[in-house]
Structures are given as structure tokens and as C-alpha cells.
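Scope of the values below: all heavy atoms of this structure, side chains included, with no hydrogens, waters or symmetry mates.
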Amino acid sequence: MRSFLASFCALSALSSLSAQQRPNILYIMCDDMGYGDLSCYGQQHFTTPNIDRLAQQGMRMTSAYAGSPVSAPSRASFMTGQHSGHTHVRGNKEYWPRAARVPYGICEDFALVGQEPYDPNHVILPEILKAEGYRTGMFGKWAGGYEGSSSTPDKRGIDEFYGYICQFQAHLYFPNFLNRYSRSRGDTAVVREVLEQNVQHAMFGEDYNNRSQYSADLIHQRALEWLRQQKKGKPFFGIFTYTLPHAELRQPDDSLLQAFRGKLLPEREYRGDNPSRYNPTPEAHAQFAAMITRLDKQVGEIMQLLEERGLADNTVLIFTSDNGPHEEGGADPDYFNHDGKFRGLKRSTHEGGIRIPFIVRWPGHISAGSESDLPFAFYDLMPTFCDIAGVRNYEQRYRRPQPEITLQGDAHVRVSKPDYFDGISILPTLVGQPARQRMHDHLYWEFHETDMLGIRRGDWKLVVQSGQSHLYNLAQDPHEDHDLAAQHPDIVRLLVEKIYEDHTDNLLFPITMPQLKVEI
């Protein structure tokens with residue numbers, strides 16, 4: 001364990017870093033990986049040696065939480081530093097279903113794709129770090145605004161982007177196109193790069209097997225290309241939102257897949273879901289294990305490239321997942337025990353839907369092989385990254401008045417609402433100074449699609465389903481099997497009051513609030 005003096009020096013040194021010495025930040029967030037999907041978090045069906053090595057070289061967090069139990073709002077929480085009672089984006093509002101279709105080779109695809117935009121009146125992380133002199137690159141899934149909206153990578157502080165603007169498009173691993181924005185190439189907006197080999201074959205059925213341009217590999221190679229361009233003394237912020245291992249469960253028939261073929265029995269056949277863009281597979285178990293293995297291999301290649309470029313020692317490298325595991329596209333969470341010791345899957349505010357793996361490496365600052373049980377959530381990463389980058393008073397410097405129109409008599413009156421920043425920096429915990437760590441009074445989530453809320457205060461966890469409150473003690477009951485609401489109405493009342501403090505109404509994402517008055 002690091003000494004108090006060493007940890008104090010680590011914190012003090014951060015405040016005096018010059019622009020040339022500021023740490024790089026590389027944030028790898030995969031898609032729908034459960035708490036138990038890594039061997040360093042208990043997975044038994046396969047191993048993840050590179051990610052395990054990352055944990056051995058840094059800190060493994062055991063009480064890390066996503067911003068939401070589903071993709072778009074979880075990513076919004078990370079980007080905005082707001083919990084889902086304050087973020088504008090609180091669900092997967094889609095803009096493609098009513099769009100016209102346009103031809104791509106022998107196929108057709110939507111002319112407009114994407115999700116509800118981030119609030120343009122609230123700053124997001126890449127905008128802050130770009131303004132502070134960081135080079136910014138994002139590779140993978142955006143899901144922060146539809147094409148042509150006010151919130152696409154070209155408008156939100158990203159220098160280089162390659163991947164999917166739309167998370168629905170990301171269901172297809174051999175897609176018709178990927179999206180690009182590159183300042184270095186002179187792009188003025190996000191454009192579509194057509195995958196010419198793919199579009200000569202069908203999007204569903206037997207002919208789909210003839211597609212060869214695999215998005216997860218293409219995105220990874222473009223990310224490595226960007227990393228190779230980074231130099232010492234010029235800090236960068238990389239956001240690698242890789243789509244593995246989300247459905248569909250498909251990938252090239254290479255040695256990674258062949259290593260699991262016939263090994264994970266009984267195998268599971270999946271017949272596909274064309275509207276959802278999940279192609280069929282006769283070997284869903286092998287596909288899933290190989291996709292995690294492919295992701296682990298890619299993380300290893302990132303680690304190796306940082307070493308080769310002499311960037312590893314000055315790079316904060318993070319690996320995590322956007323939310324809990326899914327059961328779409330043939331995925332089998334029961335077989336793989338994705339959620340580890342927790343109850344619930346993606347879209348649930350039970351622990352399995354929001355508790356995630358989270359690993360941080362920073363040589364010379366984070367003790368190798370360390371662990372922390374500090375409860376924190378994605379909205380804590382904005383202040384943490386600002387602390388790491390030496391950005392002081394970010395809330396005051398980047399706070400923007402939030403315009404809101406209200407009706408007063410017969411006239412519309414323009415007023416301002418608060419611009420919320422909900423996070424607390426976890427840097428003291430990372431550098432071995434837990435005594436200096438500020439703590440949340442509680443953590444908060446809401447998700448309208450399943451009409452669920454969640455709040456954790458200490459060991460107490462309240463899950464609200466369609467307005468009904470259920471209370472659990474996580475220290476005694478991490479699987480949330482025993483509802484203690486009837487035995488502790490005073491605690492229920494306290495947590496319900498805090499829900500009302502945290503929740504702000506959002507007409508796009510309505511939620512059933514719990515009863516405010518609880519008799520005791």
C-alpha cells in the first residue's frame with residue numbers, strides 16, 4: 001500500500017503540471033458487458049488476459065455504476081456529468097423509424113439515423129478538454145444526436161470520429177456504412193463512408209455471410225491509426241466506445257471464433273430478428289465468448305501501442321462497460337452468469353443492470369493491483385477527468401444558463417433553470433488518498449422505458465418499479481432478493497424524498513414517481 005506521503009505528493013503534483021506534462025486520458029467503454037463478463041471479475045467460461053493484466057497494473061473498482069441501465073442515457077451521463085434525473089437524454093429516443101430509405105448497393109438503408117441529441121446548452125466532456133488544449137478522438141458509438149442535429153461529433157468538441165452515429169445501426173456488425181468526421185481530412189460535417197464490399201450482399205439471411213467488412217475491426221484499426229499520430233507533450237483525450245459484445249452475435253469466422261466452436265455446450269441456436277438487425281447464428285455461446293476475446297485482444301493491442309509510442313506512463317487508461325448485460329440477439333446471460341452476483345439485466349435499475357466492471361491504470365500514480373469499493377457513477381467522470389487534466393473550477397467556468405420557456409398569463413416569458421453538474425471527482429481514491437475523498441450522499445438513476453428508478457445511500461438501495469418502492473440492504477443482500485420496505489418505512493420515506501429532490505420533469509422521458517408520503 002502506498003504511503004501517505006507518496007499519495008499526497010501525487011495529488012500535489014497534479015496541480016503544478018505544465019501543458020506539456022498533462023496526462024493523456026484514454027477511455028475504453030464497451031457495449032453491454034456485464035459485471036461478471038471478465039475473468040478478473042469472476043468469469044469462468046473464458047479468460048480475458050489483457051484486461052486482467054490491466055487490472056493487475058492498476059485499480060479494479062467493485063462498486064462502479066453506469067449512468068443508466070441502457071446505452072444512450074448512460075453515455076449521456078458520462079458526457080454531461082449529470083445523473084439521469086437531470087440529463088436531457090434519459091432514454092433511447094430514435095429518429096430513424098419514419099425516415100425514408102436510400103439505396104446502398106443491392107440494399108436500402110435509412111436516410112436519417114440517430115438518437116435524441118444532447119442538450120446543446122450544456123457542455124460535454126470533449127468540449128471541455130478540447131478547450132483546455134487536448135486533442136480529441138472518438139471511435140465507436142456516438143448515440144448523442146441524430147445526423148444533422150445540433151449534437152453530432154463535429155459540433156461537440158471531437159476532432160476525429162469514426163463509427164456509428166446511431167446505436168440502432170450498430171446492431172449490424174457488417175453494416176452498409178459507417179460515419180466519419182475528420183478535421184485532418186477537411187470534413188465540415190459528419191459523412192457516411194459506404195462499405196462497398198458489404199453492400200453487394202444482403203443485410204439478412206444466408207447472403208449476409210458473404211459480407212467481409214467487420215465494423216468492430218474497422219473501428220479499432222481507425223482508433224489505432226489515431227493513436228499512432230499522438231505525440232509526447234501534446235495531451236489527448238480518446239473515447240473508444242467499442243460496440244463489442246452487443247448483439248448481433250456475429251463476427252469473422254477466424255481463429256478467435258473457431259477456438260470456441262463446439263466447446264461451450266449445450267450450444268444455443270438463435271434464429272435472428274430482421275427488424276432489429278440481429279442475424280441468426282447456430283452458435284450463440286461460441287460467438288459471445290469469441291467477441292469478448294476479440295475485445296480483450298484489441299485492448300491488448302492498445303496497451304502495446306501505448307508502450308511502443310512511449311505514452312503508457314503518462315496515460316490514464318480506463319476500461320469499462322456502458323451498462324449491464326443484455327439478452328438480445330441470442331445472448332444467454334444465465335449460461336455465462338453475466339451479472340455476477342447481482343440481480344437484473346440491461347434496462348433494470350437493480351444492480352445487474354447498472355453495476356459494471358471498471359478498471360483504471362496510471363503508472364506512478366495508481367498502485368498496481370489495488371482495489372476500491374467506492375460507490376461512484378458515470379457522472380463522476382467529468383470532475384475526475386478535469387482534475388486529472390488540471391482543469392480548475394470547471395462547473396463555474398463551463399456553466400451555461402439554461403433557457404426555458406414558461407407561460408405566464410397570455411405571454412411567454414423566458415427564464416433560466418439551473419445547469420446541473422452532479423459529479424464528485426474520484427481522483428483521491430485513484431491515487432491512494434481515500435481519506436481525502438468526498439462522498440456522495442446517494443447515487444441516483446431513472447429509466448422511463450421500464451418505468452424504474454433507483455437510489456443508493458450507503459448500503460441501502462431503493463428500487464422503484466411503476467411507482468412501487470422496494471428496499472434492499474446491499475451489504476447483506478447484494479442480489480436484492482429480500483424487500484425490507486415494510487420493515488423500514490422511515491428509510492423508504494427518506495430515500496423517496498431524495499428522489500423528489502433529484503428528479504426534474506422531462507416530457508420526452510416520463511416516469512412514475514413513488515408515493516411521497518410514507519406512513520411510519
Side-chain angles (χ1 to χ4, degrees), residues 1-4 6-11 13-14 17 21-30 33 35-43 47-66 78 223 227 230 235-242 292 295-322 340 355-378 380-381 383-389 425-434 436-437:
M1 198 165 203
R2 299 180 63 187
S3 69
F4 176 89
S7 299
F8 178 79
C9 291
L11 276 174
L14 294 177
L17 290 173
Q21 296 170 320
R22 284 183 295 170
N24 312 306
I25 303 171
L26 183 49
Y27 180 76
I28 306 172
M29 181 168 66
C30 67
M33 172 181 281
Y35 185 90
D37 279 338
L38 300 171
S39 46
C40 59
Y41 281 85
Q43 181 56 235
T47 61
T48 50
N50 293 300
I51 299 173
D52 292 358
R53 179 162 53 91
L54 187 67
Q56 292 164 4
Q57 296 173 352
M59 179 177 287
R60 188 179 75 106
M61 316 292 282
T62 58
S63 290
Y65 288 93
F78 160 68
L227 266 185
Q230 306 312 308
F236 63 82
F237 177 37
I239 309 172
F240 291 6
T241 50
Y242 284 6
I292 296 283
L295 176 65
D296 181 74
K297 178 175 179 290
Q298 292 175 348
V299 172
E301 290 171 353
I302 291 168
M303 295 168 67
Q304 180 179 350
L305 182 56
L306 290 174
E307 292 286 351
E308 292 173 353
R309 300 287 298 165
L311 299 170
D313 287 347
N314 197 39
T315 298
V316 182
L317 179 57
I318 296 172
F319 180 87
T320 188
S321 174
D322 65 342
R355 185 92 70 108
I356 50 172
F358 197 97
I359 298 167
V360 192
R361 185 189 74 176
W362 189 10
H365 297 274
I366 296 176
S367 295
S370 56
E371 293 187 3
S372 172
D373 196 39
L374 174 74
F376 71 97
F378 275 178
D380 294 319
L381 297 182
T384 302
F385 289 3
C386 284
D387 266 3
I388 290 170
S425 172
I426 65 168
L427 182 58
T429 293
L430 295 179
V431 298
Q433 271 283 299
R436 298 182 62 172
Q437 178 65 58

Quiz item: What residues form a side-chain contact (heavy atoms from CB on, under 4.5 Å) with T320, not counting sequence neighbours?
Solution: Y27, M29, I356, F358, F378
Exercise. To the nearest 0.5 angstrom, please state how far the CE atom of M59 sits from the CD1 atom of I318.
Key: 11.5 Å
Quiz item: Nearest heavy-atom pair of L306 and F236: which atoms, and what distance?
Solution: CD2-CZ, 4.3 Å
Quiz item: Taking it one step at a time, do L427 and W362 satisfy side-chain contact (heavy atoms from CB on, under 4.5 Å)?
Solution: CA-CA 11 Å; L427 182 58; W362 189 10; 4.0 Å; yes
Quiz item: Atom OG1 of T315 and atom CD1 of I25: how far apart are they, to the nearest 0.5 Å?
Solution: 9.5 Å
Self-check item: Heavy-atom pair with the smallest gap, counting every atom of C40 and R60
Solution: O-NH1, 3.2 Å
Quiz prompt | Counterpart residues, side-chain contact (heavy atoms from CB on, under 4.5 Å), relative to Q304 (two or more places apart) | solution = E308
Quiz item: Would a distance-only check, ignoring hydrogens and angles, find a side-chain to backbone donor-acceptor pair under 3.5 Å from Q57 to A368?
Solution: no
Quiz item: So F78 and F385, side-chain contact (heavy atoms from CB on, under 4.5 Å) or not? Walk me through it.
Solution: CA-CA 11 Å; F78 160 68; F385 289 3; 3.8 Å; yes
Practice problem: Considering non-hydrogen atoms only, spot the tightest contact between M61 and I426 and give its length. | Solution: CE-CD1, 4.3 Å
Self-check item: Short side-chain to backbone donor-acceptor contact, R309 and Q230, under 3.5 Å
Solution: yes
Quiz item: If you measure from CG on L295 to CD1 on I28, what distance do you get to the nearest 0.5 Å?
Solution: 8.0 Å
Quiz item: Which atom pair, heavy atoms only, marks the closest approach of T62 to D373?
Solution: OG1-OD1, 2.8 Å
Quiz item: Is there a side-chain contact between F376 and T384, using heavy atoms and a 4.5 Å cut-off?
Solution: no
Practice problem: Say whether T48 and D296, considering side chains only, have a donor N or O and an acceptor N or O under 3.5 Å apart. | Solution: no
Exercise. Identify the heavy atoms of Q437 and T429 that sit nearest to each other, and give their distance.
Key: OE1-OG1, 2.8 Å
Quiz prompt | Closest non-hydrogen atom pair between A377 and A66, with its separation | solution = CB-O, 4.2 Å
Quiz item: From I292 CD1 over to T47 OG1, what is the distance, rounded to the nearest 0.5 angstrom?
Solution: 11.5 Å
Self-check item: Atom pair CZ (R53) and CE (M303), whose distance is rounded to the nearest 0.5 Å
Solution: 3.5 Å
Quiz item: What's the spacing between L311 CG and L305 CG if we round to 0.5 Å?
Solution: 7.5 Å
